[in-house]
> 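To start, I am sharing the structure in question, which I have written as structure tokens.
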Amino acid sequence: DDACKRVLTVKAHEDRCTGADFHPTACAAMLGATEGTVDGGPSEAVAMGTACADGVAHLWSVGGKHLRSLKGHADRLARMAFHP
């Protein structure tokens, strides 16, 4: 079967999701965590981020575990991107 298959669904936004970015080498060290993790071991490394019209961004592990919410934006988030 050549059809695409859903392998993961993540839900956290109260409003519409306005952007998502997946980067397998993204590191939470820039956010104050150590060893590229958020409060856990290597399996909890940040691998994906999502942005929302409600002004909240979320960080996710490769397995879809919600790691952190980034609140405080004054307006809606238009997109999500990791920057090296």
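Counting begins at 1 with the first residue of the sequence.
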> Ignoring hydrogens, what is the shortest heavy-atom contact between Ser61 and Ala47? Give both atom names and the distance.
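Closest pair (atom of Ser61, atom of Ala47, distance): C-CB, 4.1 Å.
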
> What's the separation between atom CG in Leu70 and atom SG in Cys52, rounded to the nearest 0.5 Å?
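Here the rounded value is 12.5 Å.
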
> Check whether Asp21 reaches the backbone of Phe82 with its side chain - one donor and one acceptor, N or O, closer than 3.5 Å.
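Judged by distance alone, yes, a pair lies under 3.5 Å.
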
> I'd like to know if the side chain of Ser69 reaches the main chain of His58, judged simply by a donor and an acceptor atom lying under 3.5 Å from each other, with no hydrogens or angles considered.
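It does not hold such a pair.
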
> Considering all heavy atoms of both residues, which atom of Leu77 and which atom of Ala51 are nearest to each other, and what is their separation?
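In terms of heavy atoms, the two residues are closest at CB-CB, 3.7 Å.
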
> Please report the interatomic distance CZ(Arg16) to CG(Asp54), rounded to the nearest 0.5 Å.
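Reported to 0.5 Å precision, the distance equals 10.0 Å.
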
> Does some side-chain heavy atom of Trp60 sit less than 4.5 Å from a side-chain heavy atom of Lys65?
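The answer is no, as the side chains (C-beta and beyond) never meet within the 4.5 Å cut-off.
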
> Considering only heavy atoms from C-beta outward, does the side chain of Met80 approach that of Thr50 to under 4.5 Å?
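Met80 does not reach Thr50 side chain to side chain.
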
> Holding to ring-ring contact (aromatic ring centres under 6.0 Å, His included), I want the full list of residues that pass it with His73, two or more places apart in sequence or in another chain.
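His73 satisfies ring-ring contact (aromatic ring centres under 6.0 Å, His included) with no residue once adjacent residues are dropped.
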
